[in-house]
Visitor: 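After the structure tokens below, expect a handful of questions from me.
Not measured: the values here are computed from a predicted model. We're numbering straight along the sequence, starting at 1.
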Amino acid sequence: MSSVLDQRAAPSAVASRSAAPRRRTRLLALPEARWALAALVLFLFALLVYLLGGSAWLWGTLFAATCITGGWEPGWEGLKALKDKTLDVDLLMVVAALGAAAIGQVLDGALLIVIFATSGALEAVATARTADSVRGLLDLAPTMATRLLPDGTEESVGTEHLAVGDTILVRPGERVGADGRVVNGTSDVDQATITGEPLPVAKRTGDEVFAGTVNGTGALRVCVERDPSDSVIARIVKMVEEASETKAPTQLFIEKIEQRYSIGMVVATLAVFAVPLAFGGELQSSLLRAMTFMIVASPCAVVLSTMPPLLSAIANAGRRGVLTKSAVVMERLGQVDTVALDKTGTLTEGTPRVTDIHPMPGPDLDEIALLALAACAEHPSEHPLARAVVDAARERGLSLHEAVGFTSVPGEGVTATVQGRTVQVGSPSRLLSASAQEPHRKAVAELEDAGRTAVAVLQDGIVVGVLGIADRLRPDARATVATLTELTGHTPVLLTGDNERAARHLAAEVGITDVRAGLLPQDKAAMVKEWEAEGRRVLVVGDGVNDAPALAAAHSGIAMGKAGSDLALETADAVVVRDELVTVPAVVQLSRTARRLVIQNLAIAGAFITALVIWDLIGTLPLPLGVAGHEGSTVIVGLNGLRLLREAAWPRIPKEAS
């Protein structure tokens with residue numbers, strides 16, 4: 001086995017595997033593109049015969065074949081929609097083309113079909129690019145992994161067959177097959193596909209790794225901690241795909257009025273045809289004007305204005321580890337004007353750490369000896385504060401003596417015998433007697449004033465020191481608060497069940513002035529409902545079970561995914577799977593950009609329709625030009641929305657406040 005673990009991959013091999021694979025739908029793989037190409041080829045042949053003065057039978061047949069090739073599919077879909085009592089604008093396009101051919105405008109009718117089919121192909125390509133961006137996430141996780149068996153042998157298995165507790169071998173240059181924790185080995189892992197970090201991250205025993213990330217030049221043994229179906233990549237794909245199937249309120253409103261608009265357009269078309277005839281107009285010119293009106297007044301571009309920007313934003317956010325559960329959520333996130341942040345696990349990492357070590361004067365103990373003594377006594381305990389003390393000792397490489405006679409009293413602390421001495425570690429209010437000396441009480445008061453949890457350490461009944469333990473602030477907390485303040489115009493509010501002194505101390509560190517402390521879950525929800533009743537649109541960011549009621553009551557809710565409770569993850573509208581707090585303002589800003597693009601698209605579509613309709617009613621708008629203008633506006637709004645698929649569309653927010 002040692003020979004396997006010592007293997008090294010060539011730098012070129014590692015580099016070639018580190019780039020995220022990309023799926024891209026081939027143009028001719030889409031039926032819309034194939035039919036459009038066939039229609040274009042037939043049209044060009046027909047046009048050549050027509051211009052060269054060839055047989056009318058030949059060019060007429062070719063033009064007819066053009067109309068059938070490019071128009072049969074939208075026409076058939078339109079007829080099926082008509083059967084369900086739905087008027088499809090695509091059917092109106094085909095009818096207009098057939099009408100033009102019926103009055104002798106065969107060339108114009110065929111050109112209409114070609115432009116219409118080409119526009120449909122471009123829309124299909126644009127939609128496929130969005131789907132590619134989502135499906136491409138599947139390629140980030142490999143399909144096979146090397147599982148290590150208890151007898152030391154290896155077997156190659158599909159990653160879907162891995163189970164929690166399995167140990168896998170990740171060779172140099174390979175992609176990690178499942179989310180897990182390193183149990184042996186050291187290497188640099190390229191996490192850019194998951195976290196966006198530009199440089200590889202050093203991984204050693206105890207560090208977490210994600211499925212789909214690329215191993216560097218070392219070999220790692222990884223213990224699987226999540227079922228492959230619940231990995232970060234799998235969750236991203238599943239939730240982004242589900243979100244892509246939903247429709248935003250703006251889109252639903254447009255679809256609601258589309259039918260009424262289409263019926264009104266048909267009535268208006270009949271009027272445009274009948275009124276000139278009633279006043280002595282020519283049949284052919286009246287019919288041509290009416291068909292041109294029906295084409296340019298069709299709301300194709302309006303219908304396509306909404307979903308491409310929102311779906312592109314969903315896909316882009318998914319690549320960055322922010323899962324928005326629907327297009328509704330993506331649209332609503334940009335509307336928030338008030339942000340409420342939870343404290344523990346949201347603004348902080350949710351893991352207590354030793355921050356201060358204060359030996360007391362008198363006993364012959366320095367900081368290292370004091371920490372080692374406390375860690376020896378706390379070692380058998382599973383309490384989070386005990387784990388923090390033991391972890392701090394291990395980080396300093398301290399050797400811990402065995403503790404005997406261990407006892408633990410909830411709310412008070414632990415007692416154990418270490419090297420023949422009785423050691424007590426726990427709450428100062430319980431362990432320090434009324435006769436405690438001034439230095440002891442002063443140290444405790446200073447720690448608590450600074451927002452720390454004070455832990456007293458006694459040896460044979462004598463206070464030998466005080467430890468300060470605190471939940472560490474996330475490195476991007478200040479930048480997140482500053483950016484959210486800039487986006488909403490209001491400083492975020494801190495909602496926490498913690499005591500007010502600790503909450504205010506942390507709030508001051510990140511720049512929050514409005515602190516609501518000592519809240520129960522129902523208190524948080526009631527406060528959010530009160531703000532909503534005042535007309536505010538509240539975004540709640542939390543991670544625990546106690547945050548779930550507030551997440552449900554808010555206009556929008558975002559859960560921190562790494563340590564978030566199942567209830568919070570289920571209740572929230574979006575999940576930050578990478579656990580980077582700074583992505584919260586980033587996705588809010590991305591949502592606002594998407595909303596701006598929706599408005600731009602609606603303005604573009606409305607301007608084209610208005611201008612072309614006025615031109616047709618007042619002047620003489622040539623049918624080909626009307627078709628080109630109508631279909632051109634459809635393509636423009638589609639491509640405009642897809643701009644949010646670009647990497648550059650993701651807001652770059654510094655992780656450290658300036």
Side-chain angles (χ1 to χ4, degrees), residues 39 43 46 50 60 63-64 66-68 70-79 81-83 85-120 254 257-304 604-635:
F43 177 78
Y50 177 81
F63 279 136
T66 300
C67 294
I68 294 172
W72 80 268
E73 191 172 32
W76 179 248
E77 292 299 323
L79 289 174
L82 196 61
K83 183 181 178 181
K85 299 180 180 180
T86 300
L87 186 59
D88 194 312
V89 293
D90 290 352
L91 179 61
L92 299 182
M93 296 294 103
V94 176
V95 169
L98 295 177
I103 61 173
Q105 302 288 334
V106 182
L107 174 60
D108 290 344
L111 179 59
L112 189 159
I113 289 293
V114 169
I115 296 176
F116 181 58
T118 303
S119 172
I254 289 173
I257 66 172
E258 179 186 357
Q259 281 302 298
R260 298 175 183 176
Y261 180 91
S262 298
I263 294 173
M265 186 185 69
V266 172
V267 173
T269 299
L270 294 175
V272 171
F273 170 66
V275 171
L277 283 181
F279 287 92
E282 296 182 0
L283 174 64
Q284 182 170 332
S285 62
S286 298
L287 184 59
L288 190 59
R289 183 188 296 272
M291 287 185 297
T292 304
F293 174 85
M294 184 168 63
I295 292 169
V296 299
S298 295
C300 298
V302 174
V303 174
L304 196 64
I604 291 170
F608 267 85
I609 291 175
T610 302
L612 293 174
V613 165
I614 292 175
W615 188 352
D616 182 59
L617 293 178
I618 297 178
T620 302
L621 176 63
L623 179 61
L625 187 58
V627 172
H630 174 268
E631 301 301 334
S633 66
T634 304
V635 172

Visitor: Which heavy atom in Ser286 sits nearest to a heavy atom in Pro276, and how many Å separate them?
Guide: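 What the structure gives for the nearest pair is OG-CB, 3.5 Å.
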Visitor: Measure the acute angle between the ring planes of Phe63 and Phe43, then classify it against the limits of 30° and 60° as parallel, tilted or perpendicular.
Guide: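 Tilted: the ring planes of Phe63 and Phe43 meet at 30° to 60°.
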Visitor: Donor-acceptor pair, Thr610 side chain versus Ala607 backbone, under 3.5 Å?
Guide: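 Answer holds: no.
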Visitor: Can you list the steps and then say if Arg289 with Thr620 is a side-chain contact (heavy atoms from CB on, under 4.5 Å)?
Guide: CA-CA 8 Å; Arg289 183 188 296 272; Thr620 302; 4.2 Å; yes
Visitor: Measure the OG1-CG distance between Thr292 and Leu612 for me, rounded to the nearest 0.5 Å.
Guide: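 One finds 10.5 Å between OG1 of Thr292 and CG of Leu612.
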Visitor: side-chain contact (heavy atoms from CB on, under 4.5 Å), that's the test. Do Val302 and Ile609 meet it? Break it down for me.
Guide: CA-CA 9 Å; Val302 174; Ile609 291 175; 4.0 Å; yes
Visitor: Determine the minimum heavy-atom distance between Ala39 and Thr66, stating which atoms define it.
Guide: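 For Ala39 and Thr66, the tightest heavy-atom pair comes out as O-CG2, 3.5 Å.
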Visitor: Ring pair (Phe, Tyr, Trp, His ring centres under 6.0 Å) with Phe293: which residues, sequence neighbours excluded?
Guide: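 None.
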Visitor: Under the side-chain contact (heavy atoms from CB on, under 4.5 Å) criterion, do Val296 and Trp615 qualify, and how do the steps go?
Guide: CA-CA 10 Å; Val296 299; Trp615 188 352; over 6 Å; no
Visitor: Tell me, please, which residues at least two apart from Phe608 pass ring pair (Phe, Tyr, Trp, His ring centres under 6.0 Å).
Guide: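 Ring pair (Phe, Tyr, Trp, His ring centres under 6.0 Å) list for Phe608, sorted by chain: empty.
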Visitor: Should we count CZ of Phe273 as having more than 12 external heavy atoms under 6.0 Å?
Guide: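 Yes - once you tally the heavy atoms of other residues, nucleotides and ligands closer than 6.0 Å, there are more than 12.
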